[in-house]
Each structure stands twice: as structure tokens, then as C-alpha cells.
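These notes concern the structure reproduced below.
Computed from a prediction, not measured in an experiment: that's the story for all the values here.
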Amino acid sequence: MSLKLNFFQQSSMLLIPDLIKIITTVISSIFLAKIFGPERLGIYAAAALAMTYGTLLHLGIKNGAGLQVPFFIGKGEFNFADQCVNSSITGILAILFLFTAPYGFLIYYFVANYELMVGLYLTWISLFFYEIYNMAEAKARLNYRIKNVFYSQIFLHITRIFLLLYLAATFGLIGAFIGLIVCYVPSLVYLYLNGERIYFSWDYEEIFKLIKIGFPLMLAGLLMTLFISIDRWIIISFIGIDQLGYYTFVIGITGVITIIPQKIASFLSQYIREAVGADVDIKIIIKATGIVYFLCLVLLAPCILMIYHSGIYLISGFLVEYKESIPLFDVLIYASFFLTTYYFYSQLLVGLNLRKELLISQGLSLIFLNFANFLALKLGYCLLGIAFVSLCGSLFLSFSVVYAAYKKIGTLKNSMIGYSILSILITVIVFNIIDISSLTNITNLYEGMNTFFKIIAIDFVFLIFILIIIIKLNITKSVMGFLRRDFSRQQI
């Protein structure tokens with residue numbers, strides 16, 4: 001297997017499905033909001049939390065495999081890499097089966113709402129399909145069979161939106177949950193036919209070794225999951241599940257901003273682990289991480305403007321029952337954008353085996369978030385207060401991981417952190433310069449169409465301008481060897 005693959009070529013093939021995911025997620029969020037209304041959308045979001053936390057029941061097996069497989073590949077030990085993947089699949093499914101009975105008992109005795117109870121049961125079934133698909137796709141991705149990953153993800157996103165919307169419109173909430181199960185089938189069939197088959201290999205020692213390696217990272221994942229979902233728990237517990245619908249709709253739109261940074265950062269972490277295995281100078285690793293992070297930030301800027309302006313237009317002219325969520329939109333769009341910093345620097349910490357520092361940063365951020373949320377409720381700020389706390393929490397978490405990296409590594413020189421902060425400030429300024437008052441006052445989509453297209457045209461010009469600057473500066477030149485996985489090129 002050749003290891004000289006281009007980071008941008010490979011990651012772009014992974015980003016195209018993510019662009020499709022962004023489009024389908026936005027479309028499904030809009031139409032599900034219209035089909036269900038705020039209260040039933042809140043029930044749908046509450047049931048979805050079972051999937052959010054269910055994906056963490058692997059006890060660290062996934063994280064252990066994610067660390068070990070790239071490390072083995074970097075050393076050329078491909079048989080060990082395959083064995084690691086097979087043991088992971090077996091261990092994860094075994095754990096899910098063990099948790100099934102306790103989960104079913106708890107839902108039956110403690111959930112009174114019938115639709116929510118059925119939704120939670122169906123979500124658990126979809127979790128099995130998700131894990132099987134996820135591991136088959138991971139097997140292809142970790143071995144750089146990017147074509148298989150590319151098509152399987154496209155099939156998944158397209159199948160999901162058609163099934164989800166059709167079944168939701170036909171059968172309501174229950175239909176939507178059934179759609180979330182069936183949508184994995186076409187992608188699983190495609191992966192199976194193209195050689196990404198699931199092999200069960202019960203290796204007790206290997207599975208517990210992966211748990212030992214990955215458990216700290218699973219804890220980090222749990223802390224991050226709590227961090228990004230604690231606002232929904234608080235809304236359900238103290239404000240009401242009907243209000244969760246308003247909040248969920250905005251999260252569904254603004255959350256797509258994090259999809260691409262998460263994917264790029266995750267893919268970069270695989271390169272970092274292989275670079276560590278190949279004894280690459282840490283200065284090269286830091287510089288490459290900083291450059292990719294900076295590029296991601298500046299390219300996201302016009303994208304979040306387009307998402308925000310499109311969201312305001314659709315809420316004002318189409319989803320009028322959600323109009324009171326516009327102030328939430330103004331705050332949560334920033335919260336999602338600022339998390340970009342966390343995704344890249346947390347992966348840098350993971351890649352450099354600084355898991356303890358990551359856990360401390362997440363733990364402190366979660367304590368801050370809990371305290372601030374309860375303070376907001378005490379002061380009577382309700383949904384808007386919870387949204388503002390999420391924004392502050394995103395800033396606190398991002399600063400924490402950057403500071404942890406700086407303190408442990410000793411330097412972030414050449415990481416472009418200064419330029420990255422400047423790009424964030426410029427984005428915030430541009431965000432506030434563009435006047436959207438004419439969009440918030442419309443009563444239908446036709447009324448504001450001309451204004452909307454003028455604003456989107458400005459956003460698009462901003463994107464073209466940024467692309468031209470990036471091409472002219474050619475800032476990736478000094479780390480191109482790293483980004484091509486040619487780790488013999490040790491330029492600093």
C-alpha cells in the first residue's frame with residue numbers, strides 16, 4: 001500500500017459527501033419542523049438523545065482502534081491493522097447486546113409519553129445499524145479506500161432524506177424513526193459488495209487492550225457529548241419539551257457548520273498519528289495543524305454567512321411558527337463557529353498522546369457550562385440565556401484546549417494561531433455589517449426574494465475573494481510533505 005497520498009485530495013473526497021450531508025440536513029430540518037411543529041419536534045429531538053449517547057457505549061474500543069490502526073499503517077504492519085478493526089466490530093456489537101435489556105426496562109417504566117417511548121425503542125434499533133455501518137465505513141477510511149467511503153456516504157445521505165421526509169409526512173413521528181433505521185441498508189449493501197465486509201473476531205485480549213487505550217478518549221467523547229447536549233437536557237427538565245422544538249430547529253441548522261471542521265480535523269488526526277509513528281518533528285505537526293485549521297476557518301466564514309442568511313429568510317417567510325427562534329439563531333451560529341478551534345486542537349492533543357490534558361480541559365468547560373446554565377435559569381433568561389451560555393461555553397472550551405496544547409508542548413510557534421484569531425474577528429465584523437432587517441420583516445418567501453439573493457450574492461463574492469487570497473498566498477507549501485504523507489520531508 002502506498003502511503004504517499006495527498007491530504008487535500010483525500011479529504012476533499014470525504015468533504016463532498018459532507019457537503020451533501022449539510023444540504024440534506026438543512027432541508028430535512030426545515031421540512032420536519034414544518035411537518036411536526038415545535039412540540040412534536042421536541043419529542044423527536046428528545047428521542048434522538050438516545051442515539052447521541054448510545055454511540056458512546058463502546059467503552060473506548062472505537063477510540064483505541066482509531067489510535068492503533070493509523071499507527072500500525074504508519075509502521076507498515078497492515079495485518080495488525082486489519083485484526084484490530086475486526087476485533088473492534090465484534091466488541092462493540094457485544095456491548096450493545098448487553099445493554100439492550102436494561103435500556104428497554106428503563107424506557108418502559110420511566111417514559112410516559114407513548115410517541116417518545118416508541119421513538120426511543122426504534123432509535124436503539126437504528127443504533128445497531130449505525131454501528132455496523134460506521135465500522136464498515138471506518139475500515140474503508142482507515143485503509144484509505146476513499147472511493148468506497150465516498151459513495152457509501154452519498155447513498156446514506158440521499159436515502160436518509162427521502163425516507164425521513166416521506167415516512168414522516170405519511171406516518172408522523174413513528175415513520176421518521178423507522179426511516180432512520182432503514183436508511184443504512186443501501187450503504188451497507190454497497191460496502192459489502194465492494195469488499196468492506198464485517199468479520200467477527202472475538203479476541204478477548206485485543207478488545208480489552210483497545211478499551212484500555214481508548215477509554216480515556218471515550219471519556220473525552222462523553223464529556224464533549226455532555227457539553228454539546230446539556231442545554232437540551234436543561235430545556236427538557238426545567239423549561240419544557242415543547243420549547244425544545246424551537247431550540248432544536250436552530251441547532252439543526254447551525255449545527256451543520258461543525259460537520260466539515262469535525263471531518264477535516266478527524267482526518268488530520270490520522271495523519272498526526274502516522275507522523276508520530278514515523279518520528280516526524282513535532283514542529284512540523286504543529287505547523288501543519290495550524291495551517292489546516294486556519295484554512296478551515298477562513299473558508300467557513302462565508303459559508304456560515306450563507307447558512308445564517310438562508311435560515312433567517314426561511315424562518316421569516318416559511319416557518320413563521322418558529323419566528324421567536326430568530327434571536328437564538330443570532331447567538332448559536334457563533335457558538336457553532338467557535339467550536340472549530342476545539343475540533344482541531346483537541347485532535348492535536350489526541351495525536352500527541354496528551355489525553356489527560358484534553359480531559360481536564362473538557363471537565364473544566366463542563367463545570368463552567370453547568371454553573372452558567374443554572375445561573376441563566378435563576379435569572380429568568382430561559383431559551384435565549386441557554387443559547388448565550390452555549391456561546392460562552394464554546395469560547396471557554398476552545399481557549400482551554402489551545403492553552404493546554406501550549407502549556408504541554410511549550411510552544412505554538414508557526415501554528416498561525418494569531419492569524420486564526422484575526423480571521424475570527426473579521427468574520428464577526430462582516431457578520432454584523434450586513435443588514436438583514438429587511439429579511440426579518442417579510443411575511444412570505446416571494447416578498448423577500450430579491451433582498452435574499454442580493455445578500456447571498458455578497459456572501460458568494462466574499463467566498464471568491466477568500467479563495468483567491470488562499471491560492472495566491474500558497475501557505476501550505478512549507479508542510480506539503482506532511483500533507484502528502486511523505487514524512488521524509490522535514491521542512492520547518
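- Using a 30° and 60° split on the angle between ring planes, F452 and Y313 fall in the parallel class, below 30°.
- Residues in residues 27-45 take part in these side chain to side chain donor-acceptor pair (under 3.5 Å) pairs, two or more places apart or across chains: R40-E115.
- Listed by chain and number, the residues in a side chain to side chain donor-acceptor pair (under 3.5 Å) with H309 are D459 (sequence neighbours excluded).
- At distances below 3.5 Å, at least one donor-acceptor pair connects side-chain atoms of S394 with backbone N or O atoms of A335.
- Taking the six-membered ring wherever Trp is involved, the centroid distance between the rings of Y184 and F129 does not fall below 6.0 Å.
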Pairs of donor and acceptor atoms involving the side chains of residues 216-230, under 3.5 Å and at least two apart or interchain, shall be tabulated with distances.
from	atom 1	to	atom 2	distance (Å)
T225	OG1	G221	O	2.8
S229	OG	Y53	OH	2.5
S229	OG	T225	O	2.5

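- No more than 12 heavy atoms of other residues, nucleotides or ligands shown are found within 6.0 angstrom of OH on Y381.
- Q153 has its side chain out of reach of S187: every pair of non-hydrogen atoms, C-beta onward, lies at least 4.5 Å apart.
- Screening residues 357-370 for salt bridge (charged side-chain N to carboxylate O under 4.0 Å, His left out), with sequence neighbours left out, gives E357-K408.
- Sorted by first and then second residue, the ring pair (Phe, Tyr, Trp, His ring centres under 6.0 Å) pairs with a member in residues 241-261 read Y246-Y322, F249-Y322; sequence neighbours excluded.
- Legend: residues meeting salt bridge (charged side-chain N to carboxylate O under 4.0 Å, His left out) with R232, ordered by chain and number and at least two apart, are absent.
- The backbone N or O of L156 lies less than 3.5 Å from no partner atom in the side chain of T159, so there is not a single donor-acceptor pair.
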